[in-house]
Amino acid sequence: MIALGLEGSANKLGVGIISHPSPSKPPLILANLRHTYNSPPGEGFLPKDTAKHHRAWVVRLVKQAIRQAGVKVEDISCICYTKGPGMGAPLQSVAIAARTLALLWGKELIGVNHCIGHIEMGRAITHAPNPIVLYVSGGNTQVIAYSHRRYRIFGEALDLAVGNCLDRFARTLMIPNNPAPGYNIEQLAKKGKHLIDLPYAVKGMDASFSGILAAADILAAQISEDLDDAKRLKAEDGELVTKADLCFSLQETVFAMLVEITERAMAHVGSREVLIVGGVGCNERLQEMMALMAKDRGGSVFATDERFCIDNGIMIAHAGLLAYETGIKMPLENSTCTQRYRTDEVFVAWRDQDTASS
Amino acid sequence: MADEFPCKLTLHLPFPTPALADTALRALSVDQELSPLVRRSFTLVAPDTTAESGAKNVLQVSYSATTNRMLRVAVNGFFESVGVVIGVMRELDVDVVDMPGSESLEGAQGLEQVKV
């Protein structure tokens, strides 16, 4: 079976076409297109402008995807779109296109949970057996484990997502948003030398990032070049603290927190594998820190590359097709979008009841 | 009793066929109005409303709102959605989807050779 997937919950518009040739064979990616809306440095992306971007790009990306995949409309089984969670206006702008396509082509329309899309794509690409999933992006931060036909949330961010913390700090430092603020922070952090004290806010199985962001913003003001050298923040060895040092310190702090809450879930569930999904999962330092922890526990880390960890349409097509193959149908009247959509709201009919098997 | 929604606007969107008008109606009517200060209803009508017969290929949308500002915001948003519906119909319907597109793909990731 073949599915078309449309993703637009944040600033990336993704269109993917996936094929499930048979239950025993791996899925085939026929097209995976994406266009990102970047705001100028110092600004975040707003819902209205993001929706405008998605409306401008959805038609041409779907057309290009169909032509690249070389599929015919009659070969397609269903149209999948992101039902949520995410930003309202961008979600709706993509859902409108999905509904129209489903009606014109006479196909079933499947609404997909964005988080489930990330998880299922991560499982398909890495073949991780039954890992703890760390889902980290600009909009979400959750520690997830599969149990009895639901992806259960074991821990999460209490206030804002870790990627949101990083993105907003990038705005404070006026770091460019192209290709992504988090990517630019990661590159700058590699040049950082001094670890500056920041609050560390793990609360049991959960984590909190807003206080750390506030503390980081205060530090950023203290390294401003407008200040005299005498007033600027210095490290223990007397050197002036740089933007790179702050990026490095922020990453080390928040990533250590993520490693801790992931490890706590691993101990709770008795799992040794970690699958990292979501845009922040592209960060190589996070992967490295997680791998050190997993190795200590006799396990390993699974991660995908930027084609799949950053928001994309193929994960929506994949997760939607998995649901469609179990016989799920959704009437068009219910093809709404919702900003709040918990990962454990979805009944994972396509996996076995038993935790250990697929 | 005073009308609580005095600011009204009726739109007529003609489509090439009744089927396309119905598709537009079904796609656009799923989303509820965001504000309780705006009400909206859809129906299909014939182009010449005085005639008894006639293909119902016109989507009639009736808005009423508490203020002109709410009306304007709602209708502008609606037109943006209509733009997407029409774009999909024009470029992606079954008879035209395989044809090359006219819009630039600059900056898109995942571009490969087309197979068509």
Side-chain angles (χ1 to χ4, degrees), chain A residues 12-16 29-36 38 48 51-52 54-74 88-89 92-106 178-179 306-307 310 312-314 331-337, chain B residues 13 15-35 42 44 59 61 72-74 76-116:
Chain A
K12 277 78 71 184
L13 176 65
V15 175
I29 292 158
L30 303 178
N32 188 13
L33 291 164
R34 178 171 62 217
H35 193 270
T36 306
N38 289 126
K48 187 172 167 141
K52 189 171 166 180
H54 291 354
R55 284 192 293 264
W57 278 86
V58 65
V59 168
R60 59 183 114 173
L61 282 191
V62 170
K63 186 179 263 284
Q64 179 68 12
I66 294 281
R67 301 184 76 228
Q68 271 181 213
V71 297
K72 303 222 166 306
V73 169
E74 53 256 35
Q92 188 267 348
S93 66
V94 175
I96 273 273
R99 284 178 217 136
T100 311
L101 276 172
L103 287 165
L104 287 178
W105 294 357
N178 196 355
E306 52 83 33
R307 285 173 298 164
I310 299 180
N312 60 85
I314 206 81
L332 196 92
E333 299 70 44
N334 294 352
S335 66
T336 50
C337 298
Chain B
L13 303 167
F15 286 87
T17 67
L20 285 173
D22 185 60
T23 293
L25 186 155
R26 293 184 64 193
L28 292 162
S29 57
V30 174
D31 299 306
Q32 299 292 317
E33 270 305 316
L34 289 173
S35 167
F42 291 90
L44 295 176
L59 176 61
V61 192
R72 188 181 69 237
V73 168
N76 283 347
F78 177 71
F79 270 118
E80 285 167 341
S81 295
V82 168
V84 176
V85 170
I86 290 178
V88 171
M89 288 176 174
R90 187 177 53 223
E91 302 274 344
L92 301 174
D93 207 344
V94 291
D95 52 345
V96 292
V97 62
D98 288 332
M99 284 161 50
S102 53
E103 298 174 294
S104 162
L105 293 163
E106 195 179 317
Q109 294 169 296
L111 290 171
E112 285 167 13
Q113 280 282 89
V114 297
K115 292 201 173 77
V116 183

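Letters A, B, ... are given to chains in the order of the sequence lines, protein chains preceding strands, and every chain is numbered from 1.
At least one side-chain heavy atom of V114(B) sits under 4.5 Å from a side-chain heavy atom of Q64(A).
Proximity to chain B (any heavy atom under 4.5 Å) is restricted, for A69(A), to the backbone atoms N, CA, C and O. In this structure, chain B has a heavy atom under 4.5 Å from the side chain of V73(A), while its backbone stays farther away. Using a 4.5 Å cut-off between heavy atoms, L28(B) contacts chain A through both its backbone and its side chain. Looking at E103(B), both its backbone and its side chain come within 4.5 Å of chain A, counting heavy atoms on both sides. Of the atoms belonging to E74(A), not a single heavy atom falls under 4.5 Å from chain B. Only the backbone of S93(A) comes within contact range of chain B, judged by heavy atoms closer than 4.5 Å. Only the backbone of A56(A) comes within contact range of chain B, judged by heavy atoms closer than 4.5 Å.
Here the side chain of K63(A) pairs a donor or acceptor atom with the backbone of M99(B) at under 3.5 angstrom.
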* Can I96(A) and D31(B) be said to form a side-chain contact (heavy atoms from CB on, under 4.5 Å), step by step? -> CA-CA 9 Å; I96(A) 273 273; D31(B) 299 306; 4.0 Å; yes
* Are V94(B) and L104(A) close enough, and set up right, to give a side-chain contact (heavy atoms from CB on, under 4.5 Å), and what steps lead you there? -> CA-CA 7 Å; V94(B) 291; L104(A) 287 178; 6.0 Å; no
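By the 6.0 Å contact criterion, CD on E333(A) is enclosed, its count of non-hydrogen atoms from other residues, nucleotides or ligands being greater than 12.
If you tally non-hydrogen atom pairs under 4.5 Å between each of R90(B), Q113(B), E80(B), Q32(B) and chain A, the highest count goes to E80(B). Among N334(A), T36(A), T100(A), L61(A), the residue making the largest number of heavy-atom pairs under 4.5 Å with chain B is T100(A).
Between F78(B) and F42(B), the ring planes are tilted. Angles from 30° to 60° get that label.
Judged by a 6.0 Å distance limit and a 45° cone about the ring axis, R60(A) is positioned over the six-membered ring of W57(A).
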